[in-house]
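Just so it is clear: chains get the letters A, B, ... in the order the sequence lines come, proteins before strands, and each one is counted from 1.
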Protein chains: 2
Amino acid sequence: MPKIRVKAESWEDSVRVAGFRMTQPRREIMKVLESTEGHLTAEDIYLQVHEIYPNIGLTTVYRNLEFLNEHGIVAKICFQHGKAKYELAEQYSPVGHHHHLVCDECTKIINYNDFMQEEVEFLETVERGLSRRYKFRITHHEIQFNGLCQDCQDKEDQS
Amino acid sequence: MPKIRVKAESWEDSVRVAGFRMTQPRREIMKVLESTEGHLTAEDIYLQVHEIYPNIGLTTVYRNLEFLNEHGIVAKICFQHGKAKYELAEQYSPVGHHHHLVCDECTKIINYNDFMQEEVEFLETVERGLSRRYKFRITHHEIQFNGLCQDCQDKEDQS
DNA sequence: ATGGTAATGACAATCATTACCAATAAGGAG
DNA sequence: CTCCTTATTGGTAATGATTGTCATTACCAT
């Protein structure tokens, strides 16, 4: 008897299943997200798409990012430096589950996915507890470490 | 031989020690932050201060929040709903160390400080590892759980 | 009490994001 | 393949939060 295999739905399928259309702008935006480490601003994406699809409008980029976010395909993250950043949701990302190191000086962001075993254990306890205590249905989480990246530490030493 | 006791510096002291002045707007802004659960927007604070100090300008509120943030007295948090929120930094907060449950539906935010023992253990391992691996000097962290609060779950069930 | 300057308040300016609307193009039905 | 419905687009205007400017005020060290 074969193991049940949940076929991972492609993002295109899940858009269509939900009754929406596949358009070229939408595809181009996803291509950019798929070919990058992550945490791009809407403008970053706009500029990259614009290279190969010059007709794209910035409004369309925003609209699609919101759309994709609502459909669980793209994650929107807000670090405290003005603009929102976007990256592929875990399920569609080659990077997979990860979190961020944020440099408070230069605002650089580093992805990490070390210590996931420890994280899983920790989160299981906490999520279960929080759900019960606050009657909250937790769907995802975000962990972020702030501080100084190596470059900024060096600059600080010099002065 | 007495134990060394690190006297907690009042926020006013730490402002003065850094060579800056104590002003009435600054004090009023802190009063508001001290008398609230947390996560207020600049405008929330402006409105509250305005009640008892009608001359306050919104610009002054922004400027002071940034100032206080840079001096480690106030924490600035950005959830993905437009405006930045502010609360007392852990060290000056009666609430103490805590994290947030964010409802993705109604944007409500709940503070929690349960499971801190588990968190401490987890963070010790991870912070040590990340510092070494990425040469990052970690100063603080943020953990956030997103999902649906009870009210929004109920509303969902009805439909 | 006073002088140097940090801080203020009003207003203008900026910057990210959203609203609007007429024009376009997916993609299902025939 | 063609037609039709309507989701989607792109351009522009509008919004809303935050920041810059600058003349004026008021801390506070001396």
Quiz item: In chain order, what residues pass the side-chain hydrogen bond (donor to acceptor under 3.5 Å, both in side chains) check against B:R16, with sequence neighbours excluded?
Solution: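 Scan of B:R16 (side-chain hydrogen bond (donor to acceptor under 3.5 Å, both in side chains), adjacent residues dropped) gives none.
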For [X], enumerate each residue passing the salt bridge (Lys or Arg N to Asp or Glu O under 4.0 Å) test, keeping only those at least two apart in sequence or located in another chain.
X: B:K83; result: B:E43
X: B:D151; result: B:K108
X: A:E28; result: A:K31

Without decimals, in angstroms, what is the distance between [X] [atom1] and [N] [atom2]?
X: A:L65; N: D:dT8; atom1: CG; atom2: C1'; value: 15 Å
X: A:H50; N: D:dT9; atom1: NE2; atom2: C1'; value: 14 Å
X: B:N64; N: D:dT18; atom1: CG; atom2: C1'; value: 15 Å

Pull out every protein N or O sitting under 3.5 Å from an N or O of nucleotides 4-6 of chain D, one pair per line with the distance.
from: D:dT6; atom 1: O2; to: A:R21; atom 2: NH1; distance (Å): 3.2
from: D:dT6; atom 1: O2; to: A:R21; atom 2: NH2; distance (Å): 3.0

Exercise. Report the relative orientation of the aromatic rings in A:F67 and A:F20; use parallel for angles under 30°, tilted for 30 to 60°, perpendicular for over 60°.
Key: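 The arrangement is perpendicular - the two ring planes meet at more than 60°.
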Self-check item: Start and end of chain B contact along DNA chain C [non-hydrogen atoms, under 4.0 Å]
Solution: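 Terminal contacting nucleotides, 5' to 3': C:dG4 to C:dC11.
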Exercise. Taking the side chain as every heavy atom from C-beta outward, state whether A:H141 and A:H99 have any pair of such atoms under 4.5 Å apart.
Key: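 Contact flag for A:H141/A:H99 side chains = yes.
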Practice problem: Examine the side chains of B:H39 and B:N111 and answer whether a donor and an acceptor come within less than 3.5 Å of each other. | Solution: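 Yes.
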Quiz item: Do B:Q144 and B:H100 get their side chains close enough for a donor-acceptor pair, meaning under 3.5 Å?
Solution: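 No pair is found: no donor N or O on one side chain lies under 3.5 Å from an acceptor on the other.
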Quiz item: Looking at residues 51-63 of chain B, who's got a heavy atom less than 4.0 Å off DNA chain D?
Solution: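 Correct list: B:T59, B:Y62, B:R63.
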Quiz prompt | Residues within residues 70-89 of chain B bordering DNA chain D, heavy-atom distance below 4.0 Å | solution =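 Only B:K83, B:A84 qualify.
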Quiz item: What residue pairs, at least two apart or across chains, pass salt bridge (Lys or Arg N to Asp or Glu O under 4.0 Å) with a residue in residues 109-121 of chain A?
Solution: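 Matches after skipping sequence neighbours: A:D114-B:R133.
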Exercise. Looking at every strand, decide which applies to A:R16 at a 4.0 Å heavy-atom threshold: base, sugar-phosphate, or nothing.
Key: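 Sugar-phosphate, no base atom in range.
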Self-check item: Pairs satisfying side chain to side chain donor-acceptor pair (under 3.5 Å), at least one member in residues 67-78 of chain A, at least two apart
Solution: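 Applying side chain to side chain donor-acceptor pair (under 3.5 Å) to every pair that reaches into residues 67-78 of chain A, excluding sequence neighbours, yields nothing.
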Exercise. For A:E34, look at atom CD and say whether over 12 heavy atoms of other residues, nucleotides or ligands are found less than 6.0 Å away.
Key: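 Yes, CD of A:E34 has more than 12 neighbouring heavy atoms, counting only those of other groups under 6.0 Å.
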Exercise. Give a yes or no on whether B:Q80 atom CD has more than 12 heavy-atom contacts from other residues, nucleotides or ligands under 6.0 Å away.
Key: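 Atom CD in B:Q80 is crowded, with more than 12 foreign heavy atoms closer than 6.0 Å.
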Quiz item: To the nearest 0.5 Å, how far apart are CD1 in A:I45 and OG1 in A:T36?
Solution: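 Separation between the atoms: 8.0 Å.
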Practice problem: Drop me the distance from A:I77's CD1 to B:F79's CZ, to the nearest 0.5 angstrom. | Solution: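 Taking CD1 in A:I77 and CZ in B:F79, the distance rounds to 15.0 Å.
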Quiz item: Under the side chain to side chain contact (heavy atoms under 4.5 Å, CB included) test, which residues partner B:E105, sequence neighbours left out?
Solution: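 With sequence neighbours excluded, B:E105 shows a side chain to side chain contact (heavy atoms under 4.5 Å, CB included) to B:C103, B:L148, B:C152, given in chain and number order.
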Self-check item: the helix from C:dA1-D:dT30 to C:dG30-D:dC1: angle between end helix axes, five pairs per end, rounded to 10 degrees
Solution: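 The helix from C:dA1-D:dT30 to C:dG30-D:dC1 shows an end-to-end axis angle of 40°.
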